[in-house]
Protein chains: 2
Amino acid sequence: MKATIKEVAKEAGVSISTVSRVLNGRDRVSRHTINRVREVIDKLQFQPDFVARTMIMKKTSTIGLVVPQLSNEYWAFMSEVIQDQLWTHGYTTLICSTDNEPEKDSAYLKMCLERRMDGVIYCSSPHYSTETNIQIDLLKAAGVPVVSLDPNILGVSCVVGDHLQGTLTAVEHLIRCGYTRIAYIGGPAVSIEREFGYRKALMMHGFQVDEGLIRLVKGQSFGDGYEGLRSLHSSGISFDALFCGNDLLAFGAIKAMEEAGIRVPDDVAVVGYDDIFSARLFKPALTTVRQPIQDIGQELVNLLLLTLETEPERRTVRKIVIPTELIIRESSGIRLRQV
Amino acid sequence: MKATIKEVAKEAGVSISTVSRVLNGRDRVSRHTINRVREVIDKLQFQPDFVARTMIMKKTSTIGLVVPQLSNEYWAFMSEVIQDQLWTHGYTTLICSTDNEPEKDSAYLKMCLERRMDGVIYCSSPHYSTETNIQIDLLKAAGVPVVSLDPNILGVSCVVGDHLQGTLTAVEHLIRCGYTRIAYIGGPAVSIEREFGYRKALMMHGFQVDEGLIRLVKGQSFGDGYEGLRSLHSSGISFDALFCGNDLLAFGAIKAMEEAGIRVPDDVAVVGYDDIFSARLFKPALTTVRQPIQDIGQELVNLLLLTLETEPERRTVRKIVIPTELIIRESSGIRLRQV
DNA sequence: TTGAAAGCGCTAACAA
DNA sequence: TTGTTAGCGCTTTCAA
């Protein structure tokens, strides 16, 4: 059914090595032979078998990309950016969505090794497991370049958002607005530095951290934010502001407040994190810490490509910190211009 | 660096075929040999080379999935559902986001053939090109099962949302609410049947279709909806309701109306299509036609798997129509319960 | 400029 | 139950 190089060679009356040569443009082949072979290739609709080629070349031209959840706008956009970037560099991206499940996480990494990915971009859910670490070590041991977004994995180059700083700025913004009882919703699915930034901001401004104002939820989606706020609300504790580990959590929390008759920002000011597209569409438009997805994706790809071009012995571990930006909108109570 | 089956055989003092046998669980191997080999495999951290295996088996266990735009919530979710489904059936999914560019569309399909995907799920942007058709034919000619979402590609099994009916129901809902000047924003990136449904509903209820109320925009995203409404507004034409080809277009249109001082739903009622997650979060909550993504993804996978299990000669072209459901929320002017 | 031959790492007859 | 051998479709020496 599918023509092979053998049939092309036979039909053209040359050897398979000659066909291979015109295919790869290596060595020199006479004009006449080239034309003859090209003709037959067209006629037979021959396409070299990528798999066979891969086996010899030891290069799949494929990069594995592991993200926590594709249905989360943030990761979907990130994946798109990275895939585009890699495509222009001749690589295909194998996107893997782990749905925040540690088992899937390591399973996909394992697959990356089995399938001989040329490199891996790992955007973990921060509660990755020991198994994940083992897989990453295996990958490294096999000489497969790995770069990661955010987590500190020993010996892996990474791009990190400046979460501590980002959160610090966000919470300071709330403090400056005069809020004094600032709650926090985060958890293992969100960078721990955001919690640190929250604590740091409070302490720097002379506030005691009230652990009762902190809710650590399991996931990083709408429902988790919703539950987080319900728990906060039903505890009876009072708060006049809320910082959420990401925008989706904030959306969920606001929804829960709406249902409980708490007005945002009149009763409680809210700040999120990420600045996903819908943050500006939401009512009230969400004040949030912007992570420049485009830049982050770009840096991840650059970092990976750089590693790919360096011999394993010469590779160095780099860490690139991407600054964040506070985007002030309605939800934090100040009516500035909408961005 | 990486151990091969040869080294395992040598180390274990058996032949490579014996190693292969314990690897695949084929034939019978003595308990003792199995243990011996397993030990060595562990010791050497041997993993069979997927690529080499693939070459012999003529099966990559990989399915290509082509979607128009991953950063669109609808497609991100769809991709996640399909990837999950396929993963449980032992397949890896290669997700390709074409960004609505016909060239990328056909380029990715070409890649699916080159890389010997076992099957392809094609969720086209409806303005796919001739080149796309050629690539799909090539795929079929090579015996690669292709199933598609929505478009009518000759000889390709497909799952289609019942867009004509869905739109009809939506527009009839507006008519019943008493709106008489119903505008439409759609275009090539959105199923043409939605436009037909719009026209049909109007005609069935004795309205003349006013072409001035129709705006065909290029893409399917927020910005396109925004532009569509601006164009509609600046033309000076009057309208009291608006049906949009998808939710994102509706969001954009509503944003533009907001800026123009047009209130939704008080001045203009709006209905979208898809029921993406943020539709219920939006203010006003969006009335929209729900497409059951989970079901659609499920059906696509089933259809593909079925085709995969059928010998090429016995394959039949099937078309599965998925019913839609009108979800009434605030934007269309009736204050029913929020879903 | 071309061809013959040796593999890449594995599976799968066919023997033993 | 195990080993030998012949490929899968291609690239790449090495000769001619």
Side-chain angles (χ1 to χ4, degrees), chain A residues 1-41 44-62 111 113-118 142-144, chain B residues 1-41 44-62 90 113-118 142-144:
Chain A
M1 167 147 276
K2 281 282 314 171
T4 72
I5 198 173
K6 220 169 170 176
E7 304 168 50
V8 175
K10 193 172 169 193
E11 181 81 13
V14 296
S15 73
I16 55 171
S17 22
T18 300
V19 178
S20 175
R21 276 189 267 262
V22 340
L23 240 34
N24 299 292
R26 289 228 214 307
D27 305 343
R28 16 191 64 270
V29 184
S30 75
R31 269 251 64 78
H32 176 260
T33 314
I34 291 184
N35 291 144
R36 176 90 196 87
V37 172
R38 288 248 171 87
E39 243 167 50
V40 177
I41 287 177
L44 265 49
Q45 299 221 62
F46 168 75
Q47 264 191 322
D49 187 326
F50 191 85
V51 177
R53 195 172 239 172
T54 288
M55 180 150 87
I56 303 172
M57 312 275 236
K58 308 256 167 273
K59 187 173 187 305
T60 54
S61 297
T62 310
M111 184 209 68
L113 182 56
E114 278 172 6
R115 299 208 166 201
R116 302 281 183 271
M117 300 289 101
D118 289 343
V144 182
Chain B
M1 165 148 276
K2 281 279 316 168
T4 72
I5 198 173
K6 222 168 170 176
E7 304 168 49
V8 175
K10 193 173 170 191
E11 181 81 14
V14 296
S15 73
I16 55 172
S17 25
T18 300
V19 178
S20 175
R21 277 188 268 262
V22 341
L23 239 35
N24 298 293
R26 289 227 212 306
D27 304 347
R28 12 191 68 272
V29 184
S30 75
R31 269 252 62 80
H32 175 261
T33 313
I34 290 184
N35 292 144
R36 176 89 196 89
V37 171
R38 288 246 171 88
E39 245 168 47
V40 178
I41 286 177
L44 265 50
Q45 300 221 64
F46 168 76
Q47 264 192 323
D49 187 324
F50 190 85
V51 177
R53 199 173 234 173
T54 288
M55 180 149 87
I56 302 171
M57 313 274 237
K58 307 259 169 269
K59 188 173 186 306
T60 54
S61 297
T62 310
L113 182 55
E114 278 172 8
R115 299 208 167 201
R116 302 281 182 269
M117 299 290 101
D118 289 343
V144 182

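Quick caveat: nothing in here was measured; it's all calculated off a predicted structure. Chain letters run A, B, ... following the sequence lines, proteins first and then strands; every chain starts at 1.
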Report task. With a 4.0 angstrom cut-off to heavy atoms of chain A, pull out the first and last contacting nucleotide of DNA chain D, in 5'-to-3' order. Result -> D:dG9 to D:dT12

Query raised in the report: Which heavy atom of B:S61 sits nearest a heavy atom of B:G90, and at what distance?
Result: CB-O, 4.0 Å

Using a cut-off of under 3.5 Å, enumerate the N/O to N/O pairs linking the protein to nucleotides 8-12 of chain C.
| from | atom 1 | to | atom 2 | distance (Å) |
| --- | --- | --- | --- | --- |
| C:dC8 | O3' | A:K58 | NZ | 3.1 |
| C:dC10 | OP1 | B:D49 | N | 2.9 |
| C:dC10 | OP2 | B:I5 | N | 2.3 |
| C:dT11 | OP1 | B:N24 | OD1 | 3.4 |
| C:dT11 | OP1 | B:N24 | ND2 | 3.1 |
| C:dT11 | OP1 | B:R53 | NE | 2.8 |
| C:dT11 | OP1 | B:R53 | NH2 | 3.1 |
| C:dT11 | OP2 | B:S20 | OG | 2.8 |
| C:dA12 | OP2 | B:R26 | NE | 3.0 |
| C:dA12 | OP2 | B:R26 | NH2 | 3.2 |

Can you give the donor-acceptor pairs under 3.5 Å from side chains of residues 16-25 of chain B to other protein atoms, not counting sequence neighbours?
| from | atom 1 | to | atom 2 | distance (Å) |
| --- | --- | --- | --- | --- |
| B:S17 | OG | B:S15 | OG | 3.0 |
| B:T18 | OG1 | B:S15 | OG | 3.2 |
| B:S20 | OG | B:N24 | ND2 | 3.3 |
| B:R21 | NH1 | B:D27 | OD2 | 3.3 |
| B:N24 | OD1 | B:R53 | NH2 | 2.8 |
| B:N24 | ND2 | B:S20 | O | 2.8 |

Query raised in the report: Got a sec, which residues hit side chain to side chain donor-acceptor pair (under 3.5 Å) with B:T54, two or more places apart in sequence or on another chain?
Result: none

Report summary line: Angle separating the five-pair end axes of the helix from C:dT1-D:dA16 to C:dA16-D:dT1, nearest 10°, is 40°

Report task. For the pair A:R36 and A:S30, evaluate side-chain contact (heavy atoms from CB on, under 4.5 Å) and give the outcome as yes or no after the intermediate values. Result -> CA-CA 10 Å; A:R36 176 90 196 87; A:S30 75; over 6 Å; no

Query raised in the report: Heavy atoms under 4.0 Å, any strand shown: does B:V51 hit a base, just sugar-phosphate, or nothing?
Result: nothing

Report task. Can you run down the salt bridge (Lys or Arg N to Asp or Glu O under 4.0 Å) pairs that involve residues 3-14 of chain A, sequence neighbours left out, and say none if there aren't any? Result -> A:E11-A:K43

Report summary line: Closest heavy-atom pair, A:V37 versus A:V8, reported as atoms and distance to 0.1 Å, is CG1-CG1, 4.4 Å

Query raised in the report: How many angstroms lie between atom CD1 of B:I34 and atom CZ of B:R28, to the nearest 0.5 angstrom?
Result: 9.0 Å

Query - CZ on A:F50 to OG1 on B:T60, rounded to 0.5 Å - result: 11.5 Å

Query raised in the report: So, for B:T4 and B:F46, which heavy atoms are closest and what is the spacing to 0.1 Å?
Result: C-CE1, 3.5 Å

Requested in this report: For B:R116 and A:V51, work out which heavy atoms get closest and say how close.
Outcome: CG-CG2, 4.2 Å

Query raised in the report: Which is true for B:T33 with a 4.0 Å heavy-atom rule: it touches a base, it touches only sugar-phosphate, or it touches nothing?
Result: sugar-phosphate

